[in-house]
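The block underneath contains the structure these notes are about, expressed in structure tokens.
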Amino acid sequence: MKNSNTLTGKKKKNSKESVLTGISQEMLSLVGTAKEEYNAFITLNDHNLEKQVSDLSMGEKEEKNSLSGIPAVLGDNLCTEEMRTTCGSKILENYQSPFNAFVVDKLKDAGVMIVGKANVDEFGVGDSRGVSYFGPSKNPWDISRTAGSGTASAVALGAAVFGLGSDARGGLRQSAAYSGLAGLKPSYGRISRWGLIDYAPSLDQVGILAKTAVDIALVLECTAGEDYRDLSTLNNPAPKYLDILEGKVEEITIGLPGGWNDVETLEPEVKALFEKELAKLKEIGCIIVEVDLPHFFKASATACIIGAVEAFSNLANYDGVRFGFRSRSKHLQEMYIESRTEGLSSFLKQFLTFGALVSSESHYNEIFLPAQKIRTKIKEELEEILKTVDMVVTPTVPFRAPLFLDLDSCYGLDSSANIFTAAANLAGNPALSVPVKSDGDLPAGLQLIGKFFDEGKMLSIMNILQK
Amino acid sequence: MKFEPVIGLEIHVELLTKTKIFCGCSTTFGEEPNTQTCPVCLGLPGSRPLLNKKAVEFAIKASLALNCDIVDYTTFDRKNYFYADLPKGYQISQYFFPTGTNGYVDINVNGENKRVRIHQLHLEEDTGKLLHAGSIIDSPYSRVDFNRAGVPLIEIVTEADIRSAEEARIFLQKLRTILLYTEVSDCKMEEGSMRCDANISIRPEGSEVFGIRTELKNMNSFKAVHKGIEYEIKRQKKVLKSDSEVIPETRHWNESKGITTAMRSKFKASDYRCFPDPNVLPVKNSSEWIDNIKKSLPELPDEKIERFVKEYNLPQYDAEVLTGSKELAEFYDQTVSLYPNPKFVSNWVMGELIGLLNARKEDISCCEITPTNLAKLFQLIDNQTISGKIAKTVFEEMFETGKDPETIVKEKNLVQISDAGELEKIVEMVIESNPGPVADFKGGKKKALGFLVGQIMKETKGQANPQAVNKLLAEKLK
């Protein structure tokens with residue numbers, strides 16, 4: 001955990017060339033470690049990486065902007081032309097996408113060096129279990145614990161300065177909390193999802209993992225913006241986030257939902273770390289008020305139902321017909337059943353089956369429809385509260401990185417890992433997990449949930465906390 | 001016991017948008033398999049649909065033409081099922097809010113007016129197409145062509161108002177005519193851009209309860225619709241008369257054998273788990289937009305028929321034939337505007353023009369004759385340049401070559417002989433060489449005159465002015 005590469009830190013200190021070669025050599029060895037010892041990567045950008053590094057040291061690549069030459073990692077559910085995209089699943093083990101995700105093109109245009117594709121929960125389902133067909137992603141703080149995702153593992157190790165992943169019920173923020181990183185799930189529609197292989201399109205967003213608020217702001221500025229291939233991004237041009245960070249922070253009121261400390265799985269250590277960080281927020285001038293969000297704590301179960309229904313349908317294209325794993329079989333029906341039985345993990349299949357069940361005619365009205373209504377309630381409630389406060393604060397996850405041994409008890413269909421995070425996905429609001437470090441022990445996370453497209457303000461708060 | 005057939009139709013019609021409903025791929029028919037595909041219509045991971053507004057507009061246009069109420073808000077819903085021709089594992093369709101509801105089409109069955117109600121019209125995407133070597137059973141492979149996947153479709157569902165195979169055919173033809181007028185589809189049954197399934201049951205006449213129905217598929221022409229339904233009605237009657245029950249199932253019309261065969265048992269309540277697609281935003285059909293589309297509708301067949309009867313004083317039958325296609329009706333309209341004798345024009349168009357078109361199996365769009373030239377032809381008759389009989393020869397020449405009638409008349413030297421001096425010589429010659437008929441006529445046999453006129457026409461190759469000939473003969477034979 002000594003290698004704390006951050007974009008801003010390095011850039012200021014040295015001249016461009018030495019920074020870049022410096023990062024590259026150091027990084028290459030870290031990438032190797034991350035892959036071999038932490039299983040953070042599914043695929044390394046081997047060939048291209050070395051070429052990019054040598055291009056950089058020769059000074060051939062012009063610095064287009066502040067991200068030029070910066071190493072980054074992508075969750076393996078973001079499509080890339082130069083590497084396979086597996087989604088952590090056997091069914092896509094050798095899948096080569098014919099196109100780049102919108103964010104991948106954006107990063108490449110900015111001169112970012114993509115070091116590889118990181119381990120992800122199979123199709124993102126499992127959120128922050130951090131286990132896929134390719135094995136577990138180990139936590140740099142304690143290798144017997146999950147990092148939540150390979151992306152988090154790689155960034156925490158310093159094998160990349162930042163990482164992009166997906167966040168449907170809170171997975172990206174949780175992995176940030178587990179690994180001592182900052183994790184931003186932007187507003188729904190802030191970043192184009194073209195090329196993101198999501199499991200729940202109404203919940204999923206492309207999110208950013210990094211160590212500092214400034215790094216996240218830089219990456220957000222690069223990747224946000226309009227894309228006609230994702231209609232939710234239209235009519236909301238992204239502001240200059242760095243300018244917002246450098247600007248003055250007005251007096252901020254933050255709402256703390258009543259009942260946050262009644263959550264059953266809340267670890268005393270997390271509670272203590274969170275309260276300590278709350279005190280810091282007060283110190284920097286924030287006003288903390290308790291707010292009433294009765295439906296907030298139903299978000300996890302609600303997102304589980306909606307997520308499962310969407311996933312059951314969204315993942316129906318993995319049928320062995322056009323691409324991906326196909327089992328040998330005598331006829332079409334058998335081909336579907338065998339390909340999916342062998343190609344998908346039992347954890348994922350449980351979730352898909354649950355989705356098929358609650359959307360079936362016999363359960364639609366008693367489960368799926370009420371879940372949609374509660375979703376509306378959660379959204380309205382949050383919208384109302386955010387008229388009176390600037391943002392809402394909670395712990396990110398009730399517990400710290402779980403031991404691999406305990407994963408099955410922590411993560412069921414509806415995981416209590418999602419208890420604080422899912423509301424932002426259901427409502428579409430931006431949410432940021434701020435790392436809360438403890439002395440020598442495992443880190444935790446503090447979550448800020450903001451108004452729509454108010455990412456800048458949350459990053460400003462974090463920036464001040466980090467100073 | 002007398003039985004009454006009860007029939008409802010489900011018609012799928014491909015819309016004539018240039019691109020598919022959720023991506024930019026071309027919709028052209030008949031291209032090499034899988035050349036008109038992209039990540040979106042192939043359902044590749046990470047791709048997302050982008051709604052083609054033109055498809056929504058066409059669905060509204062078709063709904064308006066079928067007298068439907070238009071929904072003001074609609075979602076695009078996922079209908080989930082697995083099949084090899086369905087790339088995403090679900091079809092995007094308007095399940096909850098169909099574009100049009102409560103419409104109707106009026107048809108004329110043997111002189112009787114009848115209204116067939118439209119239950120709904122909804123927009124959806126087409127699937128790909130399975131390709132086999134020969135029949136699906138014997139083929140060593142199944143291949144999938146996704147060129148068709150994502151082509152916008154409207155599905156039109158009628159109420160069970162149809163009572164015979166003939167009514168079904170007449171309804172379908174009228175529906176096709178209306179849709180062709182609106183230009184939302186080319187409605188080619190043989191290319192599959194219009195496909196019709198029929199739900200058929202029979203019940204004792206006078207009964208209010210529906211019998212057990214079968215769904216009939218694979219009728220690829222109007223004739224097939226007629227024959228298939230007729231066969232199925234007979235089959236069901238036979239089943240009921242033998243005291244058995246009709247099995248609710250999907251049946252297949254076998255064109256070559258002329259029978260229907262069972263395909264699969266149906267109605268086991270397939271659960272499509274429909275829910276709004278989170279990737280396609282709901283659409284609001286503003287009343288302003290709907291009004292604009294309404295304004296863009298052409299005059300529809302029923303309105304045209306009414307106008308032709310009222311304005312042109314045409315018999316109902318003429319009006320119906322002339323409005324059979326928009327192009328024909330426009331041709332007629334334009335000709336009448338240049339030559340304002342509606343019934344005369346109607347006789348020519350319905351007799352000569354449609355006759356020739358049918359003989360050549362062509363339609364009016366490939367016709368070489370322009371309304372201007374046709375009107376010129378009629379004027380040549382009027383000013384006695386040519387006779388009505390010669391006009392038909394000229395007309396055929398116009399049809400073949402597209403030349404204007406004056407040129408043809410000049411080139412072929414078809415000008416009518418009206419010159420009294422010239423005609424007189426011929427008349428005298430014919431009288432001289434036909435003493436028998438002349439005597440017959442003078443003896444009171446009026447019919448003999450016709451023979452003499454015929455001889456004169458023969459001599460002049462039909463170019464003699466018939467009125468002048470008649471007049472001259474009458475004088476000479478006094």
Side-chain angles (χ1 to χ4, degrees), chain A residues 77-80 85 87 92 95 97-102 123 192-198 200-204 227-232 234 306 309-310 312-324 331-333 335-337 340 355-364 368-369 372, chain B residues 22-24 34 37-53 75-92 95-96 127-128 130 132 136-137 141-146 149 268-283:
Chain A
N77 52 1
L78 285 163
C79 292
T80 48
T85 301
C87 288
L92 289 186
Y95 177 68
S97 176
F99 61 91
N100 277 336
F102 174 83
F123 287 101
S192 167
R193 293 162 298 151
W194 175 260
L196 166 69
I197 306 179
D198 46 1
S202 82
L203 302 173
D204 258 295
D227 176 15
Y228 73 94
R229 294 165 302 183
D230 178 350
L231 288 180
S232 68
L234 299 186
I306 290 171
V309 171
E310 290 185 16
F312 136 77
S313 167
N314 233 46
L315 272 53
N317 55 342
Y318 306 107
D319 54 10
V321 175
R322 286 143 297 129
F323 54 82
H331 54 81
L332 188 64
Q333 196 66 21
M335 183 174 105
Y336 287 140
I337 295 171
R340 288 170 71 83
L357 182 75
V358 295
S359 59
S360 66
E361 249 164 53
S362 47
H363 293 92
Y364 195 92
F368 185 49
L369 222 53
Q372 288 173 313
Chain B
F22 294 117
C23 63
N34 296 311
T37 57
C38 74
V40 175
C41 58
L42 287 175
L44 293 192
S47 67
R48 304 192 116 73
L50 196 67
L51 180 63
N52 180 347
K53 266 246 157 151
T75 54
F76 288 84
D77 313 305
R78 292 184 179 185
K79 187 174 160 184
N80 295 286
Y81 67 95
F82 285 99
Y83 201 60
D85 64 9
L86 189 69
K88 297 188 291 292
Y90 55 85
Q91 180 192 28
I92 306 180
Y95 179 81
F96 294 106
T127 61
L130 292 188
H132 295 102
I136 187 164
I137 311 231
Y141 60 76
S142 285
R143 291 178 181 153
V144 201
D145 174 9
F146 289 105
K268 261 193 276 166
S270 26
D271 185 347
Y272 291 116
R273 299 177 161 83
C274 294
F275 68 94
D277 191 325
N279 279 325
V280 189
L281 302 179
V283 172

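Remember, it's a predicted structure, so these values are computed and weren't measured experimentally.
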Of the listed residues (A/S202, A/C87, A/S360), which shares the most heavy-atom pairs with chain B below a 4.5 Å separation? A/S360
Find the one option among A/Y95, A/Y318, A/F368 whose heavy-atom pairs under 4.5 Å with chain B are most numerous. A/Y95
Could you tell me which of B/C23, B/P45, B/S47, B/G89 has the largest number of non-hydrogen atom pairs under 4.5 Å with chain A? B/P45
Out of B/S142, B/P49, B/A84, which one racks up the most heavy-atom pairs below 4.5 Å with chain A? B/A84
Please list, chain by chain and in numerical order, all residues satisfying side-chain hydrogen bond (donor to acceptor under 3.5 Å, both in side chains) with A/R193, sequence neighbours excluded. A/Y188, A/D230, A/S232
B/R48 meets the side-chain hydrogen bond (donor to acceptor under 3.5 Å, both in side chains) criterion, sequence neighbours left out, with A/D198, B/N279
Please flag which part of [X] lies under 4.5 Å from any non-hydrogen atom of chain A: side chain, backbone, both or neither.
X: B/V280; value: neither
X: B/F146; value: side chain
X: B/L44; value: both
X: B/C274; value: backbone

Chain B heavy atoms under 4.5 Å from [X]: which part of the residue, side chain, backbone, both or neither?
X: A/R322; value: side chain
X: A/Y228; value: both
X: A/A356; value: both
X: A/N314; value: both

Closest heavy-atom pair and its distance - A/Y364, A/S359: CD1-O, 3.5 Å
Considering all heavy atoms of both residues, which atom of B/C41 and which atom of B/P87 are nearest to each other, and what is their separation? O-CG, 3.3 Å
Between OH on residue B/Y272 and CG on residue B/N80, distance to nearest 0.5 Å: 11.0 Å
Nearest 0.5 Å please: distance from the OH atom of B/Y83 over to the OH atom of A/Y336. 8.0 Å
Going through the distances and angles, do B/Y81 and B/Y90 end up as a ring-ring contact (aromatic ring centres under 6.0 Å, His included)? CA-CA 6 Å; B/Y81 67 95; B/Y90 55 85; 9.8 Å; no
B/Y95 OH: over 12 foreign heavy atoms closer than 6.0 Å: no
